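To start, the structure itself, in structure tokens.
In what follows, chains carry the letters A, B, and so on, assigned in the order in which the sequence lines appear, proteins first and then strands, with residues in each chain numbered from 1. Being a predicted model, the structure only gives us computed values, none of them experimental.
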2 protein chains.
Amino acid sequence: MQITLKDIARMADVAESTVSRALNDKPGVGRETKLKILKIAKENNYRPNQLARGLAAKKTNMIAVILAEMDSPGNIEIVKSIEKAADEKGYQIILCNTNNQEDKEESYLSLLESNQVDGAIFIGGKLVGSHLLRASFSQDNRIVLVNRLAEENFFTSVLTDYSQGIYQAVEHLVEENFKKIALVCGSRDDLIEEEKISGYKNALRDSGLDLNQELIFSTANDRQAGYNVFLEIIEGDVIPDAFISTRELTTIGLVEAIKMGGYFIPDDFAVVGYGDNILTSVIDPPLTVLSEPVEELGKSSLEFLLKLINDNLDSQQIKVLTPELIIRESSISKYN
Amino acid sequence: MQITLKDIARMADVAESTVSRALNDKPGVGRETKLKILKIAKENNYRPNQLARGLAAKKTNMIAVILAEMDSPGNIEIVKSIEKAADEKGYQIILCNTNNQEDKEESYLSLLESNQVDGAIFIGGKLVGSHLLRASFSQDNRIVLVNRLAEENFFTSVLTDYSQGIYQAVEHLVEENFKKIALVCGSRDDLIEEEKISGYKNALRDSGLDLNQELIFSTANDRQAGYNVFLEIIEGDVIPDAFISTRELTTIGLVEAIKMGGYFIPDDFAVVGYGDNILTSVIDPPLTVLSEPVEELGKSSLEFLLKLINDNLDSQQIKVLTPELIIRESSISKYN
DNA sequence: GCAATTTACGCAAGCGCTTGCGAAAACTTG
DNA sequence: CAAGTTTTCGCAAGCGCTTGCGTAAATTGC
């Protein structure tokens with residue numbers, strides 16, 4: 001049997017309440033007694049039952065990080081950053097992977113609703129809406145969204161400015177003399193994808209290039225999808241000379257397909273990928289990428305969340321971070 | 001305020017105990033009443049407080065998965081497999097990343113000790129021993145180790161047979177006519193690394209090759225370490241013609257260093273890497289790898305754990321799985 | 001050295017749930 | 001239809017902790 005508060009109290013010959021206060025560093029317990037209690041607790045390797053503690057105090061010091069996809073190196077970096085920040089503040093994170101399944105998202109949300117965690121951070125994923133919304137008003141929305149646009153400005157969010165990022169990418173490609181720039185993004189019912197498209201359109205306009213709807217593609221974020229989209233593209237009516245591929249895994253597949261087709265990067269097709277990670281840097285040729293401020297995304301999201309939790313803020317806040325364009329071989333025109 | 005069991009009981013005009021039994025599908029509640037209770041609970045979107053439930057029932061249906069490194073794609077795959085299996089059994093996992101820090105490992109162990117989780121699976125990482133051991137006898141060791149060798153056969157474990165894997169790799173390289181095969185592994189105070197070395201030695205012996213201690217290298221598992229080890233190697237006395245690199249990230253760095261040095265794979269150096277994942281397949285040239293049975297590792301570890309938890313088994317079990325050699329360009333001799 | 005403060009501690013209720021046990025109600029059976 | 005059996009349900013204790021409140025002890029001030 002586990003050793004409990006009561007046991008410690010008996011050993012120290014004080015009341016349970018005193019032990020509790022001593023252990024939690026709360027006022028109202030004398031220096032002597034406190035030391036004695038701490039000593040006994042340590043000697044007996046006492047571990048408070050966090051369930052009981054959470055139940056009584058209505059606070060668990062755990063937060064849920066709900067991840068749409070674990071395969072994405074960028075997301076993993078965000079998680080690591082959150083974890084680091086949480087650790088410093090005395091919070092533990094519990095990581096939940098939804099694999100882009102909406103029902104799992106809902107089921108993980110019940111961690112919040114059933115008080116197992118003090119708050120939740122959602123990383124990526126589509127906005128499904130209904131259940132999130134519901135949760136948000138049933139609870140006092142201790143929820144932060146990372147890289148996910150909500151329909152209403154309902155949730156505190158930390159966002160990467162994809163629009164701005166894509167804009168930069170187009171600009172860069174135009175400077176390198178590419179003229180037919182294709183955009184490969186995710187599902188169009190995802191608001192964040194519309195953001196990308198809007199940046200793309202703006203940049204084309206400002207560069208005096210024509211917009212061709214046929215050069216905008218939507219795919220899933222996996223390797224095969226990236227591969228397939230290229231096959232589709234080269235059989236299409238209008239062949240691009242450059243790609244902006246905005247999702248990590250898709251980009252990998254796309255590059256493979258290009259090479260497999262006997263084409264060269266950047267000679268035949270320039271490529272701008274997404275995410276400054278080991279994948280995009282290892283692939284041949286090294287990819288020019290839009291680099292997400294992963295560290296900052298994680299840190300800020302945690303800070304926001306703690307503010308929501310502790311200060312009981314109910315006003316929502318939004319922070320927008322700009323990605324950085326990291327230029328490598330894959331987008332440098334040979335004929336420049 | 002959250003709606004509670006008591007509320008439901010009042011609304012249904014029955015006792016709390018009846019509601020509890022109805023909700024948990026336990027016998028002793030009439031069909032009529034049960035239906036009524038379920039209906040009311042659903043209508044009110046009732047969510048049991050899992051803390052209270054865990055406290056009372058001494059069971060949380062959550063298990064901790066404690067991960068030594070999140071950067072490793074292989075580990076991520078194992079986690080996903082565990083998660084899938086857990087989901088089917090009605091368990092939720094909470095993922096804890098230690099970043100190879102022993103103290104974090106200990107702190108996460110307290111999730112177990114403080115009853116927040118019903119069991120824990122450790123993936124990878126060194127055996128530190130002391131605290132794990134301590135935990136194991138304080139609790140009735142509801143712990144499963146994946147790819148981690150314990151000093152005593154104390155814990156239920158699921159292991160990849162590295163020795164056997166490396167043996168295969170050497171054999172393959174020998175067939176391809178490589179004669180000076182270097183082994184790049186992790187820290188030698190890790191028992192599992194000794195396993196690798198033992199497989200390496202056996203294979204050399206059986207192939208009639210001389211063992212040269214200078215061809216065994218230990219490094220951290222990151223890209224830079226892999227890079228550095230190659231620099232070190234080519235300045236050494238004895239230059240290998242092939243590498244078996246047993247850790248994912250190290251392998252990437254090693255390959256980069258080889259290419260950066262102006263050498264060719266496999267012409268100048270053959271490479272056998274570790275882990276059949278996107279990284280090793282995307283790199284140029286595609287790497288021959290030892291492929292871990294990630295799916296199976298995850299699945300079995302969960303099964304073992306549930307057996308420990310539910311059947312209260314105290315006997316430890318060990319399952320050993322053999323990695324598969326996937327042959328790609330990086331180890332095919334041109335002169336064969 | 002005695003009243004007024006302050007500090008240290010214990011009491012007990014309560015967090016939301018589970019579960020053993022006993023009583024009432026609903027069924028059997030001959 | 002009475003006695004026995006089974007089913008349905010409520011009572012109450014308890015899981016291990018926190019916390020408001022009240023009182024006793026220690027401290028201060030003059």
Side-chain angles (χ1 to χ4, degrees), chain A residues 1-38 40-41 44-62 110-118 138-139, chain B residues 1-38 40-41 44-62 110-118 138-139:
Chain A
M1 203 49 227
Q2 233 4 9
I3 180 165
T4 74
L5 229 205
K6 188 191 265 178
D7 299 323
I8 303 292
R10 194 167 12 78
M11 295 188 213
D13 201 32
V14 295
E16 294 184 39
S17 48
T18 306
V19 177
S20 172
R21 284 188 263 263
L23 257 31
N24 291 321
D25 227 25
K26 298 212 169 162
V29 33
R31 189 166 169 67
E32 293 285 289
T33 351
K34 183 164 181 174
L35 254 42
K36 180 173 67 173
I37 292 173
L38 257 34
I40 295 184
N44 292 281
N45 191 28
Y46 166 69
R47 307 265 179 168
N49 181 323
Q50 300 293 349
L51 296 176
R53 184 183 278 206
L55 183 59
K58 300 188 167 311
K59 180 122 180 49
T60 61
N61 273 35
M62 309 232 302
S110 74
L111 286 174
L112 228 202
E113 293 174 347
S114 73
N115 287 321
Q116 283 185 98
V117 297
D118 296 340
S138 84
Q139 293 285 327
Chain B
M1 205 48 227
Q2 239 356 16
I3 180 166
T4 73
L5 229 206
K6 189 191 265 177
D7 299 323
I8 303 292
R10 193 164 16 76
M11 296 186 212
D13 201 31
V14 295
E16 294 183 40
S17 47
T18 306
V19 178
S20 172
R21 284 188 262 264
L23 258 31
N24 292 321
D25 228 24
K26 299 212 168 160
V29 33
R31 188 165 168 68
E32 293 285 288
T33 353
K34 184 164 181 175
L35 254 43
K36 181 172 67 173
I37 291 174
L38 257 34
I40 294 184
N44 292 282
N45 191 29
Y46 167 69
R47 308 266 179 167
N49 182 323
Q50 300 293 350
L51 296 176
R53 184 183 278 207
L55 182 59
K58 300 186 167 310
K59 180 121 177 51
T60 61
N61 272 36
M62 308 233 302
S110 74
L111 286 174
L112 228 202
E113 294 174 346
S114 73
N115 287 322
Q116 283 186 98
V117 296
D118 296 340
S138 85
Q139 293 286 327

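In DNA chain D, runs of at least 3 stacked Watson-Crick or G-U pairs (N1-N3 plus N6-O4 or O6-N4, or N1-O2 plus O6-N3, all under 3.5 Å) give these stems: C:1-30 with D:1-30.
Residues Tyr46(A) and Leu5(A) are in side-chain contact: their nearest non-hydrogen atoms beyond the backbone lie under 4.5 Å apart. Within the 4.5 Å cutoff, the side chain of Gln50(A) has no heavy atoms near those of the Asn115(B) side chain. Residues Asn45(A) and Ile3(A) fail the side-chain proximity criterion, which asks for heavy atoms closer than 4.5 Å.
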Atom pairs, protein N/O to nucleotides 24-27 of chain D N/O, distance under 3.5 Å:
none

N/O to N/O distances under 3.5 Å, protein versus nucleotides 9-13 of chain D:
| from | atom 1 | to | atom 2 | distance (Å) |
| --- | --- | --- | --- | --- |
| dC9(D) | OP1 | Thr33(B) | OG1 | 2.4 |
| dC9(D) | OP2 | Gly30(B) | N | 2.3 |
| dC9(D) | OP2 | Thr33(B) | OG1 | 2.7 |
| dG10(D) | OP1 | Ala15(B) | N | 3.4 |
| dG10(D) | OP2 | Ala15(B) | N | 2.6 |
| dG10(D) | OP2 | Thr18(B) | OG1 | 2.5 |
| dG10(D) | N7 | Ser17(B) | OG | 3.3 |
| dG10(D) | N7 | Arg21(B) | NH2 | 3.4 |
| dG10(D) | O6 | Arg21(B) | NH2 | 2.5 |
| dC11(D) | N4 | Ser17(B) | OG | 3.0 |

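A search for side-chain hydrogen bond (donor to acceptor under 3.5 Å, both in side chains) contacts involving Lys6(B) returns nothing, not counting sequence neighbours. Take Asp7(B) and apply the side-chain hydrogen bond (donor to acceptor under 3.5 Å, both in side chains) test, not counting sequence neighbours, and it matches Thr4(B), Arg10(B). Partners of Asp118(B) by side-chain hydrogen bond (donor to acceptor under 3.5 Å, both in side chains), not counting sequence neighbours, listed by chain and number: Lys59(B), Thr60(B). Residues meeting the side chain to side chain contact (heavy atoms under 4.5 Å, CB included) test with Thr18(A), sequence neighbours left out: Val14(A), Ala15(A), Val29(A), Ile37(A). By the salt bridge (Lys or Arg N to Asp or Glu O under 4.0 Å) test, Lys36(B) is found to be paired with no residue, residues two or more places apart in sequence or in another chain being considered. Not a single side-chain hydrogen bond (donor to acceptor under 3.5 Å, both in side chains) links Asn44(B) to another residue, sequence neighbours left out.
If you take CZ of Arg47(B) and P of dC15(C), they are 22 Å apart, rounded to a whole angstrom. One atom, CD of Gln116(B), and another, P of dG16(D), lie 15 Å apart when rounded to the nearest Å. Atom-to-atom, CG of Leu5(B) to C1' of dT19(C) comes out at 13 Å; the value is rounded to the nearest Å. Going from atom CZ of Arg53(B) over to atom C1' of dC15(C) covers 16 Å, rounded to whole Å. The distance from atom NZ of Lys59(A) to atom C1' of dT19(D) is 16 Å, rounded to the nearest whole Å. For the pair Asp7(A) CG and dC15(D) P, the interatomic distance rounds to 11 Å; values are reported in whole Å. For the pair Lys26(B) NZ and dT8(D) C1', the computed distance is 16 Å after rounding to whole Å. Summarising the geometry, the separation between CG on Leu51(B) and C1' on dC15(C) is reported as 10 Å, rounded to the nearest angstrom.
Within the structure, a side-chain polar atom (N or O) of Asn24(A) is placed less than 4.0 Å from OP1 or OP2 of dT18(D). Dashed line: the shortest gap from a side-chain N or O of Lys58(A) to OP1 or OP2 of dG14(C) is not under 4.0 Å. Proximity of Tyr46(A) to the phosphate of dG16(D): no side-chain N or O atom is located under 4.0 Å from OP1 or OP2. Contact between the side-chain N/O atoms of Ser20(A) and the OP1/OP2 oxygens of dC17(D) is not found at any separation under 4.0 Å.
Applying the salt bridge (Lys or Arg N to Asp or Glu O under 4.0 Å) test to pairs two or more places apart or on separate chains, those with a residue in residues 15-30 of chain B are Asp25(B)-Lys34(B).
Contacts of Pro48(B) with the nucleic acid, taken as non-hydrogen atoms under 4.0 Å apart, involve only primed sugar atoms and P, OP1 or OP2.
Atom-to-atom distance recorded for Arg53(B):CZ and Leu55(A):CG is 13.5 Å, nearest 0.5 angstrom. Rounding to the nearest 0.5 angstrom, the gap separating the CG atom in Leu38(B) from the OG1 atom in Thr33(B) is 11.0 Å.
Comparing dT19(C), dG16(C), dT19(D) by their nearest atom to the side chain of Ala57(A) picks out dT19(D).
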